Undergrad: 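One structure, as structure tokens, below. Some questions next.
Remember, it's a predicted structure, so these values are computed and weren't measured experimentally.
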Amino acid sequence: MKSFSQMTKEELSRAKNKSNCCDHAEQTGILLFGTITPDLEEQYRIPQELVESECCKRALIKGAFLGGGTVINPRKNYNLELTTPYPALAKDMAELLESVGFSFKSVQRKSKEVLYLKNSEAISDFLSYIGAFRAQMELLNIKIEKEIRNDFNRAANIETANLEKTINAAVQQVKAIEEIQRRIGLDNLPDDLREVAKLRLANKDASLSELGAMMNPPLTKSGINHRLKKLMEF
Ligand SMILES: [Zn+2]
């Protein structure tokens with residue numbers, strides 16, 4: 001299976017540049033970031049005359065990504081990088097990126113200079129800037145899917161938490177009612193409380209709304225809650 005990087009690069013290599021001037025800039029970007037000479041004393045720089053116009057800045061950056069870029073599958077992680085062994089080239093590129101609105105962070109890894117983005121929005125903007133629109137769409141779709149999944153997990157956790165609260169409350173109520181039964185007997189409770197107490201004992205795992213529905217006449221959840229509180233105070 002192709003990696004997210006490979007798919008992005010295939011899309012980019014099919015995309016045509018706006019004008020002929022950009023082809024040279026793109027090629028230069030590919031060569032600068034894609035060629036690693038054995039002689040690392042060699043110092044590559046970005047030729048400033050090539051990136052005077054906005055269209056060519058974009059083309060050179062696109063080329064740099066084709067030559068030395070990676071973008072991790074957004075399902076795993078949000079990470080886009082440009083790497084080069086040449087520090088001066090990395091510095092030039094960071095400045096060029098800054099001039100078109102992208103703040104890449106930089107780090108040294110295994111004697112390579114790494115410029116990277118870890119923010120999903122910045123990565124999405126960058127993919128669109130270099131013309132990888134399908135990759136951008138894919139990233140945005142995955143992001144939405146992830147967010148929905150997170151919301152769902154959060155909701156499931158809240159439900160579990162609520163369930164536990166309900167169970168704990170029921171346990172406390174049953175304990176209190178059994179205590180009352182032992183001390184004074186349920187028959188000595190006022191009518192409204194006696195009915196609730198008996199129902200609770202008979203239906204230890206029922207929710208408040210379920211208990212309410214069993215009452216005659218039926219009570220709302222808060223009505224039941226009120227009576228159970230009175231029972232607990234008893
Ligand atoms: Zn151009």
Side-chain angles (χ1 to χ4, degrees), residues 1-17 21-140 142-143 146:
M1 214 178 107
K2 280 175 194 161
S3 70
F4 193 74
S5 271
Q6 281 172 315
M7 289 189 323
T8 305
K9 288 186 183 185
E10 280 182 12
E11 181 187 1
L12 283 177
S13 16
R14 283 194 304 268
K16 288 210 163 58
N17 291 311
C21 60
C22 305
D23 290 342
H24 183 45
E26 181 186 332
Q27 277 308 314
T28 307
I30 294 175
L31 288 174
L32 281 174
F33 276 79
T35 317
I36 296 161
T37 61
D39 180 14
L40 293 182
E41 304 309 290
E42 187 72 49
Q43 271 309 330
Y44 291 114
R45 305 292 301 255
I46 294 178
Q48 291 306 309
E49 67 277 10
L50 268 186
V51 287
E52 273 163 9
S53 61
E54 293 302 316
C55 64
C56 289
K57 279 186 189 177
R58 184 192 304 261
L60 191 133
I61 292 171
K62 171 190 169 191
F65 182 82
L66 279 167
T70 50
V71 55
I72 288 179
N73 188 326
R75 283 189 197 284
K76 293 183 197 145
N77 205 349
Y78 297 118
N79 190 76
L80 184 144
E81 292 181 357
L82 287 170
T83 50
T84 173
Y86 311 109
L89 180 61
K91 194 169 162 286
D92 282 356
M93 181 48 88
E95 282 168 13
L96 179 63
L97 288 164
E98 196 72 51
S99 77
V100 293
F102 292 102
S103 298
F104 277 62
K105 295 218 168 69
S106 66
V107 68
Q108 266 205 342
R109 193 194 301 142
K110 292 178 192 157
S111 71
K112 277 190 177 170
E113 306 293 322
V114 182
L115 302 175
Y116 66 91
L117 293 176
K118 281 197 175 294
N119 175 287
S120 61
E121 272 171 48
I123 295 172
S124 158
D125 288 346
F126 182 79
L127 289 174
S128 137
Y129 174 76
I130 57 177
F133 301 110
R134 281 182 54 182
Q136 183 202 23
M137 276 308 291
E138 176 86 7
L139 177 133
L140 291 176
I142 292 173
K143 195 182 166 191
K146 274 181 165 180

Undergrad: If you look only at distance, which donor and acceptor atoms sit under 3.5 Å apart when one is on a side chain in residues 65-78 and the other is two or more places apart or in another chain?
TA:
residue : atom : partner : partner atom : Å
Asn73   : OD1  : Arg75   : N            : 2.9
Arg75   : NH1  : Glu145  : OE2          : 3.1

Undergrad: Measure the CE-CG distance between Met7 and Leu12 for me, rounded to the nearest 0.5 Å.
TA: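 Answer for the CE-CG pair, Met7 versus Leu12, is 12.0 Å.
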
Undergrad: Would you please name every residue forming a salt bridge (charged side-chain N to carboxylate O under 4.0 Å, His left out) with Glu54, sequence neighbours left out?
TA: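 Partners of Glu54 under the salt bridge (charged side-chain N to carboxylate O under 4.0 Å, His left out) test: Lys57.
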
Undergrad: Could you pull out all residues at least two apart from Glu49 that satisfy side chain to side chain donor-acceptor pair (under 3.5 Å)?
TA: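 Listed in chain order: nothing, the list is empty.
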
Undergrad: How far apart are the closest heavy atoms of Glu113 and Pro87, and which atoms are they?
TA: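 Looking at all heavy atoms of both residues, the closest pair is CG-CA, 3.6 Å.
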
Undergrad: With a 3.5 Å cut-off and sequence neighbours excluded, list the donor-acceptor pairs that the side chains of residues 22-33 form with protein atoms.
TA:
residue : atom : partner : partner atom : Å
Asp23   : OD1  : Asn17   : ND2          : 2.8
Glu26   : OE1  : Asn17   : ND2          : 2.6
Glu26   : OE1  : Lys62   : NZ           : 3.2
Thr28   : OG1  : His24   : O            : 2.7

Undergrad: Among all residues two or more places apart in sequence or in another chain, which pass the side chain to side chain donor-acceptor pair (under 3.5 Å) test with Lys118?
TA: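 Here the qualifying residues are Asn79.
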
Undergrad: Who passes ring-ring contact (aromatic ring centres under 6.0 Å, His included) against Phe4, sequence neighbours left out?
TA: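 For Phe4, no residue satisfies ring-ring contact (aromatic ring centres under 6.0 Å, His included) once neighbours in sequence are set aside.
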
Undergrad: Test of understanding: with salt bridge (charged side-chain N to carboxylate O under 4.0 Å, His left out), list the residues that count as partners of Lys16, not counting sequence neighbours.
TA: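 Scan of Lys16 (salt bridge (charged side-chain N to carboxylate O under 4.0 Å, His left out), adjacent residues dropped) gives none.
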
Undergrad: Kindly state each residue pair satisfying salt bridge (Lys or Arg N to Asp or Glu O under 4.0 Å) with at least one member in residues 98-109, sequence neighbours excluded.
TA: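 Sorted pair list: Glu81-Arg109.
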
Undergrad: Would you mind reporting whether Leu117 and Asp125 have side-chain heavy atoms less than 4.5 Å apart?
TA: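 A side-chain contact is absent here, since even the closest heavy-atom pair is not under 4.5 Å.
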
Undergrad: With a cut-off of 3.5 Å and sequence neighbours excluded, list every side-chain donor-acceptor pair involving residues 127-136.
TA:
residue : atom : partner : partner atom : Å
Tyr129  : OH   : Arg58   : N            : 3.4
Gln136  : NE2  : Ser124  : O            : 3.4
Gln136  : NE2  : Ser124  : OG           : 3.2

Undergrad: To the closest 0.5 Å, what do you measure between CZ (Phe126) and CZ (Phe102)?
TA: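 Separation between the atoms: 6.5 Å.
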
Undergrad: Please give me the minimum heavy-atom distance between Phe104 and Leu115, naming the atom from each residue.
TA: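 Here Phe104 and Leu115 meet closest at CD2-C, 3.7 Å.
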
Undergrad: For Lys9, give me all partners under side chain to side chain donor-acceptor pair (under 3.5 Å), at least two apart in sequence or on another chain.
TA: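 Side chain to side chain donor-acceptor pair (under 3.5 Å) list for Lys9, sorted by chain: empty.
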
Undergrad: Going by salt bridge (Lys or Arg N to Asp or Glu O under 4.0 Å), name the pairs with one or both residues in residues 85-94, residues two or more places apart or in two chains.
TA: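 Qualifying pairs: Arg45-Asp92, Lys91-Glu95.
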
Undergrad: If you define the side chain from C-beta out and look only at heavy atoms, does anything of Met93 sit under 4.5 Å from Ile61?
TA: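 When only atoms from C-beta onward are counted, Ile61 and Met93 do touch, with a gap below 4.5 Å.
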
Undergrad: Can you sort out the partners of Glu10 under side chain to side chain donor-acceptor pair (under 3.5 Å), two or more places apart, ordered by chain and number?
TA: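 Once residues adjacent in sequence are excluded, the partners of Glu10 under the side chain to side chain donor-acceptor pair (under 3.5 Å) criterion are Lys2.
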
